[in-house]
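What you see is a predicted model; the values in this text were computed from it and never measured. Positions are given from 1 along the sequence.
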Amino acid sequence: RSANYSSIFPDQLNEFTQFAMTSVQSFSQIYSMYYGDVSGNFINIRKTANTFIVRTILNSPTRRSITEETLDMDGNLLKTETNIQSDYDPRKRPWYTGSLSESIGNWTNVYIFHSNKRPGITYALPLFSKDNQRLGVFGTDLQLGEISLFLNSQKKGSVTDLIVIN
């Protein structure tokens, strides 16, 4: 179901970051969670082996800034990088463009993730204002390798079947 709120920039960035960090840490299949809005603003929280990477892209009519923060698993800031150069635009990615014709959440086809160049799928959920104007899209990335590991770890028996449905 689509969400119907105001845009998360800049008011809810901390809350979204905390929610995404908890989700990414709790479920090994989730690689990252993010939000991109109609202006190209973007926040992405992804996990590495021992850290979280929080990338924020903020666009204004006169300036574009990209910041990347490295946090430990407790959310403590370890490092900040600014003035990052990237042509990344969330509005051009499959998870965003695929949700343009949707008013509810949808799954992408398999594609290669921009950040780690590995195959995965995304669940994308559009965000609308109270007057039904599109504000942006939330996304959750699942790496195919992690899904495979999860499925292989499930107990299989004579009365158990595993089914993956698109």
Side-chain angles (χ1 to χ4, degrees), residues 1-3 5 8 12-37 40-57 66-81 84-127 136-166:
R1 203 174 95 177
S2 65
Y5 304 101
I8 70 167
Q12 287 89 23
L13 285 179
N14 286 335
E15 290 90 349
F16 178 71
T17 300
Q18 290 301 314
F19 170 74
M21 286 174 56
T22 300
S23 299
V24 168
Q25 193 170 27
S26 298
F27 301 98
S28 63
Q29 299 83 16
I30 298 177
Y31 170 65
S32 67
M33 295 182 77
Y34 42 85
Y35 173 75
D37 73 10
N41 297 309
F42 179 69
I43 182 166
N44 179 333
I45 296 86
R46 71 180 189 275
K47 64 181 171 185
T48 66
N50 306 335
T51 62
F52 293 104
I53 307 296
V54 179
R55 178 172 273 212
T56 307
I57 300 173
I66 303 175
T67 303
E68 194 166 275
E69 296 177 326
T70 303
L71 309 174
D72 67 17
M73 296 310 258
D74 294 321
N76 299 308
L77 182 64
L78 301 174
K79 177 174 72 169
T80 301
E81 292 182 51
I84 297 169
Q85 300 300 311
S86 175
D87 61 353
Y88 185 86
D89 186 337
R91 299 167 294 183
K92 296 179 181 175
R93 299 299 297 161
W95 58 272
Y96 193 98
T97 59
S99 76
L100 292 178
S101 62
E102 302 288 335
S103 60
I104 59 172
N106 66 304
W107 289 98
T108 65
N109 290 323
V110 174
Y111 70 102
I112 303 300
F113 292 151
H114 185 268
S115 58
N116 68 1
K117 309 302 185 231
R118 293 190 178 151
I121 56 175
T122 298
Y123 183 76
L125 180 68
L127 179 74
V137 178
F138 288 104
T140 300
D141 284 346
L142 304 172
Q143 293 187 109
L144 292 187
E146 290 295 324
I147 294 171
S148 180
L149 289 172
F150 171 75
L151 292 173
N152 285 330
S153 72
Q154 302 306 300
K155 295 193 186 304
K156 298 170 190 92
S158 61
V159 294
T160 304
D161 289 318
L162 294 174
I163 300 172
V164 178
I165 299 173
N166 183 0

Could you label the plane-to-plane angle of the Phe19 and Phe16 rings as parallel, tilted or perpendicular, counting under 30° as parallel and over 60° as perpendicular?
tilted

Quick one: salt bridge (Lys or Arg N to Asp or Glu O under 4.0 Å) partners of Lys117, sequence neighbours excluded?
none

Rounded at 0.5 Å granularity, tell me how far CD in Glu81 sits from CD1 in Ile66.
11.5 Å

Looking only at non-hydrogen atoms, find the nearest pair between Phe138 and Leu127 and report the distance.
CE1-CD1, 3.9 Å

If I take atom CD from residue Gln143 and atom CZ from residue Phe150, how far apart are they, to the nearest 0.5 angstrom?
15.5 Å

What residues, two or more places apart in sequence or in another chain, satisfy side-chain hydrogen bond (donor to acceptor under 3.5 Å, both in side chains) together with Thr80?
none

Partner residues of Tyr88 under the ring-ring contact (aromatic ring centres under 6.0 Å, His included) criterion, sequence neighbours left out:
Phe42, His114

Rounded to the nearest 0.5 Å, the OG1 atom of Thr108 sits from the CD1 atom of Ile121 at a distance of 6.5 Å

Identify every side-chain donor-acceptor pair in residues 27-34 under 3.5 Å, counting partners at least two apart or on other chains, and give the distances.
unit_1, atom_1, unit_2, atom_2, d
Tyr31, OH, Ser115, OG, 3.0
Ser32, OG, Asp141, OD2, 3.0
Tyr34, OH, Thr122, OG1, 3.3
Tyr34, OH, Asp141, OD1, 2.4

For a side chain to side chain contact (heavy atoms under 4.5 Å, CB included) check, start with the C-alpha distance between Met73 and Phe52, then their side-chain angles and the critical distance, and finish with the verdict.
CA-CA 7 Å; Met73 296 310 258; Phe52 293 104; 3.8 Å; yes

Please step through side chain to side chain contact (heavy atoms under 4.5 Å, CB included) for the pair Leu142 and Tyr123, ending with a clear verdict.
CA-CA 8 Å; Leu142 304 172; Tyr123 183 76; over 6 Å; no

Quick check for you: to the nearest 0.5 Å, what is the distance between Ile45 atom CD1 and Gln18 atom CD?
9.5 Å

Arg91: partners by salt bridge (Lys or Arg N to Asp or Glu O under 4.0 Å), with sequence neighbours left out:
Asp89

Sequence neighbours excluded, every pair satisfying side-chain hydrogen bond (donor to acceptor under 3.5 Å, both in side chains) that has a member inside residues 66-77:
Arg55-Glu68, Asp72-Asn76

Sequence neighbours excluded, which residues qualify as side-chain contact (heavy atoms from CB on, under 4.5 Å) partners of Thr48?
Thr51, Ile53

Contacts of Pro119 that satisfy side-chain contact (heavy atoms from CB on, under 4.5 Å) - sequence neighbours left out
Val110, Ile112, Leu144

Gap separating the OH atom of Tyr35 from the CG atom of Asn41, nearest 0.5 angstrom:
8.5 Å

Nearest heavy-atom approach of Ala124 to Trp95 is CB-O, 3.3 Å

